[in-house]
Amino acid sequence: MTVKPVRIVHLDETQPNRRRGGDLRALLTPTTVGATSGFMGLAIIQPGERIGEHYHPYSEEFVFVVSGALEVDLDGVAHPLRPDQGLMIPRDVRHRFRNVGRTESRMVFHLGPLAPRPELGHVDTEDTTAEAARALQSIPPDPTGAPA
């Protein structure tokens, strides 16, 4: 019998992924721990930030809110998410998350099963660049030119 070594991954070992908004950290993945059935991570979302609308054609997404006040749109319908609440998002359901509170939000996420290839697992349905985010939220540009 082959025993795989245990690998504990600390949040500090992960790189922020800000392409879709917020700060997404993939912790337990095929690359980091050899996962074969899905992957798990943490979303850190500052007040006023969002994770842009997307869907997963191969995976269900499970989320658990650790802290903060979030709102999730599921196929265009808004639902509040608060600490200690979990949600399962079925395959192909469009969803986006918004921090609607005054403090940082933290949400654990898990997706499974894995898509046949990583690039097939996530389909964006809106632009998540800083300019698009400002337009969606009606936030004026920073006069100093600092990025959002």
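Excluded from the calculations below are hydrogen atoms, water molecules and symmetry mates; all remaining heavy atoms, backbone and side chain alike, are included. Note that the structure is predicted; figures quoted are calculated from it, not measured.
In plain terms, the two heavy atoms of P47 and G101 that are nearest each other are CB-O, 3.5 Å. Of all heavy-atom pairs spanning F97 and L81, the tightest one is CE2-CD1, 4.0 Å. Minimum interatomic distance between R96 and I51 (heavy atoms only, all atoms of both residues): CB-O, 3.3 Å. Nearest heavy-atom pair, V63 versus F109, reported as atom, atom and distance to 0.1 Å: CG1-CB, 4.1 Å. In plain terms, the two heavy atoms of L24 and G21 that are nearest each other are CG-O, 4.2 Å. Nearest heavy-atom pair across G68 and P83 is O-CD, 3.1 Å.
Salt-bridge check for E60 with R91: failed, with every basic side-chain N at 4.0 Å or more from each acidic carboxylate O. By the 4.0 Å N-to-carboxylate-O rule, R7 lies close enough to E13 to be salt-bridged with it. At a threshold of 4.0 Å, the pair D73-R98 counts as salt-bridged, since one of the basic side-chain nitrogens sits closer than that to a carboxylate oxygen.
L111 and F64 fall into different hydrophobic clusters, where Ile, Leu, Val, Met, Phe, Trp and Tyr residues are linked whenever their side-chain heavy atoms come under 4.5 Å apart, directly or through other members. In the hydrophobic clustering of ILVMFWY residues, with side-chain heavy atoms under 4.5 Å counting as a link, L28 and V108 come out together.
Two residues are said to be in side-chain contact when any heavy atoms from C-beta on lie closer than 4.5 Å; V100 and L70 fail this criterion. Side-chain contact check for L11 versus L42: some heavy-atom pair is nearer than 4.5 Å. No side-chain heavy atom of Y55 sits less than 4.5 Å from a side-chain heavy atom of V93. At least one side-chain heavy atom of Y58 sits under 4.5 Å from a side-chain heavy atom of P116. Considering only heavy atoms from C-beta on, S67 stays 4.5 Å or farther from T103 through its side chain. H79 has its side chain within reach of V77: a pair of non-hydrogen atoms, C-beta onward, lies under 4.5 Å apart. Two residues are said to be in side-chain contact when any heavy atoms from C-beta on lie closer than 4.5 Å; R94 and L74 fail this criterion. By the 4.5 Å heavy-atom criterion applied to side chains, I44 and S105 are not counted as neighbours.
A distance of 9.0 Å separates NE2 in H110 from OG in S59, rounded to the nearest 0.5 Å. Taken from NE2 in H56 to CD1 in I89, the straight-line distance is 6.5 Å, to the nearest 0.5 Å. To the nearest 0.5 Å, atom OG1 of residue T29 and atom CG of residue L114 are 9.0 Å apart.
Using the six-membered ring where Trp is involved, H54 and H122 have ring planes that are parallel, under 30° apart on the 30 and 60° scheme.
Put simply, the side chain of Q46 never gets that close to the backbone of E104: no donor and acceptor are under 3.5 Å apart. Using a distance-only test at 3.5 Å, with no hydrogens or angles considered, no donor-acceptor pair links the side chain of N99 to the main chain of G48. Proximity of a side-chain donor or acceptor of T32 to a complementary backbone N or O of L27 within less than 3.5 Å is detected.
The residue from D12, N17, T14 that alone fulfils the side-chain hydrogen bond (donor to acceptor under 3.5 Å, both in side chains) condition with R25 is T14.
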- Message: I'd like to know whether F62 forms a side chain to side chain contact (heavy atoms under 4.5 Å, CB included) with L87, so could you lay out the CA-CA distance, the side-chain angles of the two residues, the decisive distance to 0.1 Å, and finally the verdict.
- Response: CA-CA 6 Å; F62 300 83; L87 170 69; over 6 Å; no
- Task: Just do the salt bridge (Lys or Arg N to Asp or Glu O under 4.0 Å) check on R50 and E71 with the steps written out, would you?
- Result: CA-CA 9 Å; R50 68 183 171 93; E71 201 166 76; over 6 Å; no
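Between the side chains of H95 and E61, at least one donor N or O lies within less than 3.5 Å of an accepting N or O.
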